[in-house]
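I have placed the structure first, in the form of structure tokens, so that the comments after it can refer back to it.
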There are 2 protein chains.
Amino acid sequence: MTKKDTETEEVIKQAAKHLFFVEGRFNATTQEIADAAGVNRTLLNYYFRSRNKLFELVLKDARFHFKKRMRFVFSLDLDFRSKMEQFIDVYLNEAITYPYLETYMVAQLNQQLIKHEIPLEHEVEVREDMDKFFKVIESEMEKGTIEKMAPIQFVWNLLSLLSFPIVMKPIYKRVMDLDDKAYFQLLEERKKIIMSMIFKKQV
Amino acid sequence: MTKKDTETEEVIKQAAKHLFFVEGRFNATTQEIADAAGVNRTLLNYYFRSRNKLFELVLKDARFHFKKRMRFVFSLDLDFRSKMEQFIDVYLNEAITYPYLETYMVAQLNQQLIKHEIPLEHEVEVREDMDKFFKVIESEMEKGTIEKMAPIQFVWNLLSLLSFPIVMKPIYKRVMDLDDKAYFQLLEERKKIIMSMIFKKQV
DNA sequence: ATGATGTTTGACATTTTTGTTAAACATAGC
DNA sequence: GCTATGTTTAACAAAAATGTCAAACATCAT
């Protein structure tokens, strides 16, 4: 295995990632991916056998990335409030670099579900992680730092407030006639707003 | 023009709509659409000339629908709070029947932007609508019913809290092992939660 | 019943996209 | 320099998807 080996393979994977998750071009052709990577199209077959295998690999990577992101919130030895602050920060930055990651995963999962190709895999693991997080949330609700509700509702609140403006970026940049800097500024402002929304208002 | 004319045309459009917006199959082939509509594939060409034209038409319809949905909030002669209540109700019901509508529109718009095929069209109109809504929001902020922030942030809060659980439905149904009824129940609960989140907490 | 009109169909042509293969190429070890 | 190894390329084959067309079909007015 020479140096070039992993290089080209990686270049292709990165190009695909960019097309899918940054540009949202979910049905990019092999030619488009090859062009974006600056390599011969047949190299996709050489390294990944088929278009599908490449797709699956990139998706698997994305899943792993996302899970890592989700787990980050637990890894820190901080009080709940600071953890949430950290999480929001990490999540927003990730989402800014890969705005279409979540949409892509949902689209993929959905199509697999329709075709009844049900990918179980780390399902159990995810559920365990979520249950753990639910426990934390419930204890915070007891403490009174956050409003009482079904834990999943809290998770949805948190993730939706973060994710929506990222996914909808092209629309809102356009309609509101903003440049990237202005948009980024709005997202910065947003961090505080989200914090104040998910925590109970101090009376 | 016989009865069958508009019938088949409509059947095809509905089938396409269903594939795109309900199942999330954004890159469905003409054959798949024809099968879903229960008609011969060539009829798509007969009625819509090309696959692309059909896509454009359905997207235009979707835009119109979405705009109507957005305008609904203004059409009622109610106080702000009740208007929001109505809006949430209508939006959630719409989103339940067409969960992929927004995602589809974003994906489409994004791809058009990348290819520099910039569809201006009713842009101005949308902006005017939004400005009007911004004015209302600002006046509510003055009154103190909602927290002070950039108006777009309020809009994002409202829409994200509504839209996310719909778009992510396949993932969460799966991970949390819920059936449609249970999921619907969570969405019902959600209406109140969203209301309490976007309005200032009574002290 | 006939013909005019619009609809539906299957056969075919074209285009687009993917996958394969053999030869050319590069490079490291001998 | 030569060979063994893995990499890259272009030419080709195969498959998938779209679009066209003429003939078959249905329906309605005359």
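So you know, we letter chains A, B, ... as the sequences are listed, proteins then strands, and number each from 1.
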Exercise. Under 30°, 30 to 60°, or over 60°: which ring-plane class applies to A:Tyr172 and B:Trp156, parallel, tilted or perpendicular?
Worked result: perpendicular
Exercise. A:Phe21 vs A:Tyr104 aromatic rings, parallel, tilted or perpendicular, using cut-offs 30° and 60°?
Worked result: perpendicular
Return no unless some side-chain N or O of [X] is found under 4.0 Å from OP1 or OP2 of [N].
| X | N | result |
| --- | --- | --- |
| A:Thr30 | C:dT17 | no |
| A:Thr8 | D:dT8 | yes |
| B:Asn45 | D:dG19 | yes |
| A:Tyr47 | D:dT8 | yes |

Taking atom [atom2] of [N] as reference, at what distance in whole Å does atom [atom1] of [X] sit?
| X | N | atom1 | atom2 | value |
| --- | --- | --- | --- | --- |
| B:Phe55 | D:dA17 | CZ | P | 12 Å |
| A:Glu9 | D:dT8 | CD | C1' | 15 Å |
| A:Glu32 | C:dT16 | CD | P | 13 Å |
| B:Gln31 | D:dT18 | CD | P | 9 Å |
| B:Leu54 | D:dT18 | CG | C1' | 13 Å |
| B:Arg51 | D:dG19 | CZ | P | 8 Å |
| B:Leu44 | C:dT7 | CG | P | 15 Å |
| A:Phe48 | D:dT7 | CZ | P | 12 Å |

Exercise. Considering all heavy atoms of both residues, which atom of A:Phe55 and which atom of A:Ala28 are nearest to each other, and what is their separation?
Worked result: CZ-O, 4.0 Å
Problem set entry | Ion pair A:Glu138/A:Lys135, N-O distance below 4.0 Å | no
Exercise. So, are B:Lys192 and B:Glu189 salt-bridged, with charged N and O less than 4.0 Å apart?
Worked result: no
Exercise. Can you find an N or O donor on one side and an acceptor on the other, under 3.5 Å apart, linking the side chain of B:Arg41 with the base of D:dG19?
Worked result: yes
So if I take every side-chain heavy atom of [X] and compare against [options], which nucleotide ends up nearest?
| X | options | value |
| --- | --- | --- |
| A:Tyr46 | C:dG19, D:dG6, D:dA10 | D:dG6 |
| B:Thr42 | D:dT8, D:dA11, D:dT20 | D:dT20 |
| B:Asn40 | D:dT18, D:dT9, C:dG10 | C:dG10 |

